[in-house]
Amino acid sequence: MTLGFPPGLILIAAAIVLPLLRGRAHDVAAVLAAGAALVATLVGVCGDIGTLTVPFAPGIALTLLQENVPTRVFATIFAVAALLGTLFAIGHGRRAELAGAHLYAGAALCAVFAGDLLTLFCWWEIMAIGSTLVVWTGGQRNSGPAGWRYAGLHFVGGALLLAGIAAWVSGGGSLLLPADPLASKLVEQLSSLDSVAAWLMLIGLLINAGVPPLGAWIADAYPEASPSGAVFLSAFTTKTAVFVLIMCFAGTEILVWVGLIMAIQGLAYALLESDIRRILAYGIVAQVGMMVCAVGVGSPLALAGASAHAVAHILYKGLLFMSAGAVLQASGVRSVHETAGLHRRMPFTTVMAIIAALAMVGLPLTAGFASKPLITSAVAATDDRFGSAFGQYFSADFAVVVLISGILILAAGKFPWFTWFARHAPATANDPPWTQRIAMLLMVATTMVFGCWPELLFGLLPYPPLVDGGSYPVWTVGHVGKQLGMIAAALVAVLILLPLLRRAGTVTLDGDVVYRRFLPSVWHGVILPLLQIIGRGHAWLTVRFPALITDWVQIWRRRYHGHRDMSFGETHARVRFEIDIDRGRQWAVGGVLVVITGVLGLYLILLLT
Amino acid sequence: MNPADLALLAMCIPLLGGVGILLCSRWPNLREAVTLVTALTLAGVVLSLIPGVLDAGFWAGDMPTRTLMDVMPGIPLAFHVEPLGLVYALIASILWVLNSLYAIGYMRGNHEKHQTRFFFWIAVAIACAMGAAFSANLFTLFVCYEALSLSTVPLVTHKGTPDAMRAGRTYLGILVATSVGLLLFAIIGIAVVTGGNINFQPGGVFQEYLAGGGSVALIGLLFGMSVYGIGKAGLMPVHRWLPAAMVAPTPVSALLHAVAVVKCGVFAVLKLTVYTFGPETLGSLGNTTWLVWAASFTIVCASAIAVCQNNFKRRLAYSTISQLSYIVLAAGLAAQGGAGASLAIAAGALHIIAHAFGKITLFFAAGNVYTAHHLTEVSQLDGIGRRMPITFGAFAVGALAMIGIPPTVGFLSKWSLLRAAWESGQHIAVVALLVSTLLGSIYLLEIVHRAFFRAPPAPSPDDHGHGDHHGDEHHADEAPWPMRIAISCTALATVLLFLFPQVALGIVQQLANGVMKP
């Protein structure tokens with residue numbers, strides 16, 4: 001069967017209809033729409049995607065549907081995340097939140113089918129609108145300002161991307177997005193980073209990918225979303241950025257280092273944090289860093305690894321955010337230090353969180369188990385592609401291994417341990433209602449399906465990982481042993497390091513402090529007063545000063561010609577009244593003529609000399 | 001019918017409508033019906049001009065021109081139809097329909113006085129706008145431009161308070177001073193230099209003069225005098241009249257100071273650039289880069305000032321100044337000549353459309369808030385969006401159009417402008433557009449954020465019965481229905497123009513083709 005249209009459109013249509021519905025109809029419609037989008041996506045993924053091109057402007061046609069090489073895997077996981085997120089959200093979030101979430105997920109699901117840069121950009125910006133709505137409807141204390149910052153940063157990122165695309169087209173580039181990044185002239189030219197266009201586009205993309213310091217919006221905004229909103233947010237924005245990076249910048253050397261910095265920063269900040277969902281948000285930064293690193297390597301195996309890791313990441317991070325959301329929803333507390341002892345009251349959620357943490361570590365039978373080795377072996381095998389730069393990348397490989405161990409510690413240790421098993425009085429809280437439990441169970445099921453049958457996942461990948469003509473060997477003694485060994489090592493490390501991780505109530509400083517604290521204080525402390533002084537000076541020069549002169553001229557003239565019988569004070573008051581009415585015209589005509597004459601005079605002088 | 005005759009008809013319809021409005025002053029419902037019927041008829045006439053302009057052979061022959069009369073020998077009042085004028089006429093006439101609907105709700109909802117006078121002068125102003133849009137030479141454009149300034153003064157001073165009178169004088173003072181002091185002399189200069197040729201023609205009128213070894217500096221000077229002489233384009237420092245005009249009732253701000261009057265200014269700048277000076281001529285001068293800088297400066301500076309404004313309408317006014325300079329920037333980019341010129345002209349014309357629909361939506365929202373709750377300051381808007389979901393939903397869409405985000409028409413013009421900026425190598429323009437995007441999302445999203453996501457202020461004890469003319473307990477949350485319909489239509493239009501841009505882009509493309517005609 002041929003798909004024929006981008007399945008995200010179903011979600012976007014739902015986003016328009018949902019605000020009009022109430023109660024159960026609203027919930028049922030939301031789930032049905034997300035289900036329909038998933039079915040449509042699977043139809044396309046299993047069958048034929050086809051193409052759809054619509055004429056737009058003279059000389060520009062938008063390719064709304066095209067089968068890009070990484071499309072199948074990203075579309076599938078986005079559709080799954082949209083459905084499970086919706087299932088988790090119904091009955092809880094505000095109506096506007098679910099509408100925003102559907103707009104957001106729909107745009108992401110459309111973006112991966114885009115066949116040209118302009119279409120891609122449109123979906124990119126619509127995602128920003130939808131996700132801003134999700135943050136704004138979060139209902140947390142700082143949802144408003146955080147959403148505002150989020151929107152501003154994303155619109156600027158979008159503008160940079162757009163400027164880059166415009167420069168690219170003006171430089172003779174084509175708007176078309178080649179379906180295969182490894183055989184694409186676009187990637188070849190952009191990845192050399194020798195044009196302004198490439199840099200502008202890259203910066204615009206990296207803002208969305210969450211690269212520090214511009215990526216501070218992740219930890220700023222995600223914890224301010226509602227319990228269900230954060231599940232959506234964790235899935236789409238950064239992963240769409242990874243998708244576009246694959247499509248446009250596969251094999252860009254600098255991304256290896258950018259990814260490593262992200263991984264280190266995310267890990268370090270996660271360890272310092274105490275807000276549950278902020279820990280998870282920094283976890284996203286760290287994990288996306290690994291994907292960005294793999295994109296930078298750019299070999300088929302690395303791109304496959306980045307995509308596979310996106311799948312695994314969306315699944316277990318979604319599950320972690322669902323667990324954290326359930327805690328927040330049930331107890332209203334955000335810090336890991338205040339919700340201890342919950343395992344008695346919330347056994348189901350506890351089990352889910354532990355499974356998610358183990359999936360993050362890469363426990364056999366979970367998707368993480370299948371995806372992680374792809375990235376590590378791809379980074380290790382970089383000498384195939386960059387023979388001369390092997391030394392450079394060797395260190396990168398080593399760093400990835402170190403980081404993965406670090407992430408293990410984080411995942412296996414911090415979040416479940418503090419939240420559920422630290423010894424405190426149990427809070428009054430209960431497991432989430434059945435719809436949310438089903439959503440969590442389905443997340444686990446999907447993770448396990450990909451974990452138990454890795455060939456399902458590998459079949460979706462852009463470049464099916466093959467070794468010696470056969471499927472990539474996941475179930476080897478060496479690999480299983482290595483993963484189990486790492487988990488064991490991590491557990492030991494956690495037990496040793498736990499006392500060190502017990503930090504209460506710290507506030508971490510991130511890049512967002514620049515625009516949350518520093519820029520506002522510069523604005524209020526320096527720029528605004530300056531503007532006011534300039535404004536006052538300007539007003540005095542244009543209004544007060546001419547008026548002062550004309551006032552006195554008129555007062556004296558009338559004193560000698562008109563009102564000799566009046567006292568000076570009376571004349572003054574009376575003339576003043578008449579003058580007040582005239583004032584606008586005087587300064588207007590006079591001031592403007594003076595300024596214009598000045599400007600033109602300057603122009604003449606500049607021109608003639 | 002000859003398109004030029006239709007253009008003449010388009011000028012006469014609002015004038016006739018104005019007479020009808022005066023005659024029906026005793027019967028308000030009839031009077032409003034006359035306004036609406038006139039507006040609809042005008043929109044129909046202007047719409048009927050589209051197929052002719054889109055015709056593939058449009059530029060092949062001479063444009064049919066209709067001379068009304070010769071004021072002096074060689075200086076006729078003449079009209080013709082060309083794509084740029086059609087763009088301006090289209091937005092003015094179509095939005096007049098919606099604005100009339102809106103104004104009915106606003107004027108009645110606020111119990112404004114002198115409503116007949118109000119509707120009459122709006123009709124006259126629209127007639128002037130039509131005249132300017134279809135003018136076939138510089139003199140006609142100048143006459144209509146001045147008539148538009150004069151006819152809108154009674155609307156600016158409508159309230160009759162000393163503040164309004166003073167604002168009216170500022171308004172008239174700046175507009176007339178610049179146009180008489182600079183534009184008129186520029187026109188005279190052009191006439192002298194070209195031997196009396198003040199007609200608008202593709203490619204401009206200076207080729208012979210330049211071929212005969214004319215002064216490059218003089219043409220540059222005339223261009224500068226024209227741009228600053230057209231005060232309605234709001235290029236800093238000639239922008240103060242626009243915030244002053246905000247004292248007018250909101251429908252005036254919406255139709256005239258977001259569409260008809262301000263667009264007359266930028267339209268005139270573009271028209272002179274295209275049809276009097278000619279992008280090729282200007283490009284060969286090599287001394288017009290200053291306009292790109294001046295426009296970029298205005299874009300950034302006005303946006304920064306808008307961030308500081310607390311008064312709703314003043315904030316929108318500064319936003320308008322900034323956005324008008326997008327179009328002046330397009331003219332500046334076109335004046336660099338080369339491959340970017342046709343792109344830049346198309347971008348400017350497109351932004352005339354995009355800004356008209358987007359900004360009128362924002363002004364409608366300001367008027368709705370004032371009518372329903374008598375709020376004028378941004379800081380009073382906390383939580384108002386939940387009580388007025390339609391108004392602020394539409395405002396959010398309009399705001400996206402102003403920032404230039406898809407799926408709104410503002411994206412199309414921003415994209416074209418960025419393209420043109422790169423093509424002509426003016427990087428400062430790119431920077432200005434980026435900064436303006438940032439500032440725009442700050443000052444517009446603040447309103448959206450306040451309206452929807454901040455808690456409303458606690459009601460004061462004397463809130464009920466105070467300021468409510470009907471004296472009952474029930475406060476109307478939303479504005480009257482005509483206003484809601486109008487704002488929904490304009491917001492919808494910004495999205496529809498993005499989804500179905502073929503006609504708009506077709507006209508704009510036709511214009512760009514004409515620019516490159518030798």
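If you're wondering where the values come from, they're calculated on a predicted model, not measured in any experiment. Lettering follows sequence order; numbering is per chain, from 1.
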(request) Please lay out, stage by stage, how B/Phe411 and A/Leu118 fare under the test side chain to side chain contact (heavy atoms under 4.5 Å, CB included). (result) CA-CA 11 Å; B/Phe411 164 70; A/Leu118 219 50; 4.0 Å; yes
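Annotation for B/Leu445 and A/Ala151: closest pair CD1-CB, 3.6 Å, computed over non-hydrogen atoms. When all heavy atoms of A/Trp148 and B/Ser441 are compared, the pair lying nearest together is NE1-O, 3.8 Å.
For A/Phe5, the CZ atom sits in a packed shell: over 12 heavy atoms of surrounding residues, nucleotides or ligands are nearer than 6.0 Å.
Under the 30°/60° scheme for interplanar angles, the aromatic rings of A/Trp136 and B/His449 are found to lie parallel.
Looking at B/Arg419, the atoms closer than 4.5 Å to chain A (heavy atoms on both sides) sit in the backbone and in the side chain alike. Contacts of B/Leu412 with chain A are made by side-chain atoms alone, with heavy-atom separations under 4.5 Å and no backbone atom involved. B/Phe500 does not touch chain A: none of its heavy atoms, backbone or side chain, sits under 4.5 Å away.
Options B/Val508, B/Ile403, B/Leu400 differ in how many heavy-atom pairs under 4.5 Å they form with chain A, and the most are formed by B/Leu400. Each of B/Lys414, B/His427, B/Glu446 has some count of heavy-atom pairs under 4.5 Å with chain A, and the biggest count is that of B/Glu446. Ranked by heavy-atom pairs under 4.5 Å with chain A, the list B/Val430, B/Val176, B/Leu499, B/Ile442 is led by B/Ile442.
Remark: side-chain polar atoms of B/Trp422 are paired, donor with acceptor, to backbone N or O of A/Ala163 under 3.5 angstrom.
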